[in-house]
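Have a look at the structure below before the remarks.
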There are 2 protein chains.
Amino acid sequence: MVSIKDIASDLGITAATVSNALSGKGRVSQDMVQRIRARADELGYRPNLAGRALRSGRTGILGLVMPDLTNPLFPRIAQTISNEADARQLGILIADSRGSAAEQSAALRRLLNLGVDGLLVVPQKGTSPDPMPVPVAVINTQSDPQNAVSADHVGGGALIARHIAEIGHRHLLLLGGDPVSEVQSDRIKGMTSALPADIQVDVLWGADGLAAVPERISQGVTAILTTSDLIALQVHSSLLRAQIPVPDRVSLTGFDNMSISSIMHPRLTTVAQNVEDIAARAIAIITAMIAGTPPPHLGEVVPMRLVIRQSTAIPN
Amino acid sequence: MVSIKDIASDLGITAATVSNALSGKGRVSQDMVQRIRARADELGYRPNLAGRALRSGRTGILGLVMPDLTNPLFPRIAQTISNEADARQLGILIADSRGSAAEQSAALRRLLNLGVDGLLVVPQKGTSPDPMPVPVAVINTQSDPQNAVSADHVGGGALIARHIAEIGHRHLLLLGGDPVSEVQSDRIKGMTSALPADIQVDVLWGADGLAAVPERISQGVTAILTTSDLIALQVHSSLLRAQIPVPDRVSLTGFDNMSISSIMHPRLTTVAQNVEDIAARAIAIITAMIAGTPPPHLGEVVPMRLVIRQSTAIPN
DNA sequence: TTGATGAGATTAAACGATTAATCTTGAGAA
DNA sequence: TTCTCAAGATTAATCGTTTAATCTCATCAA
């Protein structure tokens with residue numbers, strides 16, 4: 001590998017001048033800068049990050065911890081954050097906290113050992129990351145006091161509930177995966193708080209809730225609002241089995257606009273996160289924290305967008 | 001951050017002794033080793049990777065390039081590889097090559113700049129990674145001469161085709177996404193080569209193939225074999241729209257045993273990769289290459305496993 | 001002529017870990 | 001007593017980059 005010294009001895013100058021020229025920091029003549037740049041390109045010079053990290057105390061690598069990479073939402077976030085990081089010459093080490101708070105702590109520790117400058121954490125439901133020796137930015141939801149930036153889950157819940165109310169449904173079932181999840185709780189909260197008082201609302205959670213679906217429909221529920229496209233897919237599957245047509249007999253909504261939601265039949269009405277915006281803000285915040293400058297707009301939430309498809313209809 | 005020097009001055013010895021004690025390399029008395037270990041733990045010492053990398057020329061970080069993180073198969077592979085790497089004290093930088101060969105080259109370059117010791121590449125369909133200054137292990141399929149390890153896609157195709165033939169289907173439609181993909185071609189190849197000569201087989205690709213599904217069914221096709229669960233889901237969706245029941249009128253199979261395949265209704269008959277085994281072998285191969293020792297079993301394929309569910313049935 | 005000034009370069013130290021070479025000490029042998 | 005030997009430690013250099021401090025000139029003003 002070609003180092004700064006190779007370029008220097010090649011041009012009969014010292015390493016310091018090369019460093020100054022390439023970083024644009026010291027005083028180097030225009031002419032010299034040109035020649036150094038040209039020679040560096042010719043030799044295919046790539047700065048050695050280890051050397052730089054050792055001197056500067058920064059590795060230029062961020063850690064990203066996600067609760068479950070097999071949930072299609074998270075790879076999308078990871079992908080977007082990676083792109084955003086690339087643009088700033090940063091690397092992203094992705095870790096999966098696989099369902100448990102203990103795994104989350106272990107993942108954080110591993111990333112620290114690898115020398116990350118800062119951490120982006122989408123926390124396990126119901127947990128907060130332990131204090132860390134490097135800056136941490138949490139991506140969760142507004143009810144988490146640690147939240148650095150996130151989608152407006154409350155607002156998203158309100159959007160979809162209002163849509164369902166507007167098209168005439170009067171008896172709803174809200175179905176969440178786990179009330180321990182702040183995100184899902186906020187979504188449910190957003191739904192309930194946006195609904196007029198004359199609408200009857202049942203809230204159920206988890207597998208029990210899923211199992212209760214046919215019964216509730218027989219009791220008059222005409223719309224099922226879930227906190228995730230994955231849950232909606234499961235509901236849809238159980239409705240198919242029970243021969244209950246969507247949306248003719250019951251309307252169904254998801255959350256997060258995953259790719260399956262537009263492949264399903266009927267295509268699913270859902271709410272989309274502005275993943276790009278969230279990723280950009282998260283990176284902006286963590287880089288500011290690392291640089292020691294005041295991070296912009298801590299705790300801000302990014303509006304969600306209602307995506308109306310064929311799984312919701314006027315009740316009959 | 002506490003360094004080796006802190007421990008040394010703390011115990012009134014030199015850094016070299018601490019390094020020797022912790023790595024078990026030089027000659028250090030048992031007693032001294034004990035004391036150094038104890039003090040290191042107390043102070044919460046974590047080796048600085050930049051220092052080590054600078055001296056040793058190794059960063060302990062591998063790059064993993066995948067074609068599309070939003071395809072649920074790849075996060076699963078990434079997750080498994082990360083786990084395997086963790087166990088060996090290695091870090092994994094994940095990059096997404098997002099659908100194009102150009103993106104793939106760019107991703108490889110970025111990972112190189114970040115100083116990875118080696119690369120694991122699941123290549124874009126129809127491409128081979130450019131030659132690299134660090135070892136590269138390709139995870140693709142047996143027809144790729146560069147393949148270091150992969151699932152036995154041909155064998156997997158044979159498994160599922162044989163199953164369909166055995167339960168009595170005599171007119172099949174094989175549906176692939178893109179013939180340029182070596183993986184998908186091998187799967188189709190495996191299917192066709194395993195089928196008896198008296199079975200009628202149509203092979204179609206892409207969106208045109210998908211559109212032709214109802215027509216082919218009217219021409220007597222009783223089973224549709226796809227090269228991906230995602231394609232199967234799309235087929236299923238179009239069959240639903242056309243009111244063609246699965247598996248009563250037509251059997252349907254996928255590939256890769258993604259999580260959606262067991263959520264769908266009917267649950268999808270598919271073929272599973274042994275992702276853990278592939279990940280373990282891939283890491284073993286790349287670490288051997290990096291160490292300069294001969295890599296074990298280059299080009300081996302890992303058997304796939306048939307997963308029979310409710311989307312396939314005896315034709316009527 | 002002397003001094004001040006500043007552009008343009010160099011020197012040297014530092015970051016943390018590793019390791020070959022060297023030094024110190026005590027024990028045992030002759 | 002002197003010599004040998006090895007265990008147990010230290011010394012010093014090295015990896016590549018950055019940067020504060022310093023040096024060398026040429027230019028220009030007084």
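What you see is a predicted model; the values in this text were computed from it and never measured. First the proteins, then the strands, lettered A, B, ... as listed; each starts at 1.
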inquiry  = From NZ of Lys5(B) over to C1' of dT18(C), roughly how many Å is that when rounded to an integer?
reply    =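 Answer to the nearest Å: 13 Å.
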ask   = To the nearest Å, how far apart are Ile7(B) CD1 and dT10(D) P?
value =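 Taking atom P of dT10(D) as the reference, CD1 of Ile7(B) is at 14 Å.
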ask   = Of all residues at least two apart in sequence or in a different chain, which pass the salt bridge (Lys or Arg N to Asp or Glu O under 4.0 Å) check with Arg110(A)?
value =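 So Arg110(A) forms a salt bridge (Lys or Arg N to Asp or Glu O under 4.0 Å) with Glu103(A), Asp86(B).
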query = Among residues 52-61 of chain B, which contact DNA chain C at a heavy-atom distance under 4.0 Å?
reply =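 Output list: Arg52(B), Leu54(B), Arg55(B).
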key: Residues touching DNA chain C, which here means a heavy atom under 4.0 Å, drawn from residues 9-28 of chain B   =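 Close to the strand are Ala16(B), Ser19(B), Asn20(B), Lys25(B).
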inquiry  = Please find the pair of heavy atoms, one from Leu108(B) and one from Val121(B), that lie closest to each other, and give the distance.
reply    =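 Distance-wise, the nearest heavy atoms are CD2-CG2, 3.9 Å.
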query = Please, which pairs that meet side chain to side chain donor-acceptor pair (under 3.5 Å) have at least one residue in residues 273-286 of chain A, sequence neighbours excluded?
reply =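 Qualifying pairs, neighbours excluded: Asp256(A)-Gln273(A), Asp277(A)-Arg281(A), Arg281(A)-Glu300(A).
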query = According to the side chain to side chain donor-acceptor pair (under 3.5 Å) rule, which pairs have a member within residues 74-85 of chain B, sequence neighbours left out?
reply =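 For residues 74-85 of chain B: Asp96(A)-Gln79(B).
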query = Ser29(B) side chain N/O closer than 4.0 Å to the phosphate oxygens (OP1, OP2) of dA9(D)?
reply =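 For Ser29(B), the contact criterion (side-chain N or O under 4.0 Å from OP1 or OP2 of dA9(D)) is met.
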Contacts table for residues 33-41 of chain A: side-chain donor-acceptor under 3.5 angstrom, sequence neighbours left out:
{"unit_1": "Arg39(A)", "atom_1": "NE", "unit_2": "Asp10(A)", "atom_2": "OD2", "d": "2.3"}
{"unit_1": "Arg39(A)", "atom_1": "NH1", "unit_2": "Glu42(A)", "atom_2": "OE1", "d": "2.4"}
{"unit_1": "Arg39(A)", "atom_1": "NH2", "unit_2": "Asp10(A)", "atom_2": "OD2", "d": "3.1"}

key: Option passing side-chain contact (heavy atoms from CB on, under 4.5 Å) with Val138(A) (candidates Ser150(A), Pro129(A), Pro145(A))   =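 Of the listed options, the one satisfying the test is Pro129(A).
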request  = Evaluate the side chain to side chain contact (heavy atoms under 4.5 Å, CB included) criterion for residues Leu11(B) and Thr17(B): first the C-alpha distance (whole Å), next the side-chain angles of each, then the deciding distance (0.1 Å), finally the verdict.
outcome  = CA-CA 11 Å; Leu11(B) 292 173; Thr17(B) 304; over 6 Å; no
List in chain and number order the residues that pass side chain to side chain contact (heavy atoms under 4.5 Å, CB included) with [X], two or more places apart in sequence or in another chain; answer none if no residue qualifies.
{"X": "Ser56(B)", "result": "Arg52(B), Arg58(B)"}
{"X": "Pro135(A)", "result": "Ile286(A), Met289(A), Ile290(A)"}
{"X": "Ser19(B)", "result": "Ile4(B)"}
{"X": "Leu114(A)", "result": "Leu93(A), Leu49(B)"}

request  = Compute whether any side-chain donor of one residue and acceptor of the other, for Ser105(A) and Asp130(A), lie under 3.5 angstrom apart.
outcome  =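 Yes, side-chain donor-acceptor contact under 3.5 Å.
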ask   = At what angle, to 10 degrees, do the two end axes of the helix from dT1(C)-dA30(D) to dA30(C)-dT1(D) meet, given five pairs define each axis?
value =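 About 70° separates the two local helix axes.
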request  = Identify, residue by residue, the members of residues 31-51 of chain B with a heavy atom below 4.0 Å from DNA chain D, and return them in order of residue number, or none.
outcome  =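 Hits under 4.0 Å, by residue number: Met32(B).
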inquiry  = Working note: Gln142(B) + Asp152(B), criterion side chain to side chain donor-acceptor pair (under 3.5 Å); need CA distance, chi angles, decisive distance, verdict.
reply    = CA-CA 7 Å; Gln142(B) 50 253 69; Asp152(B) 178 4; 2.7 Å; yes
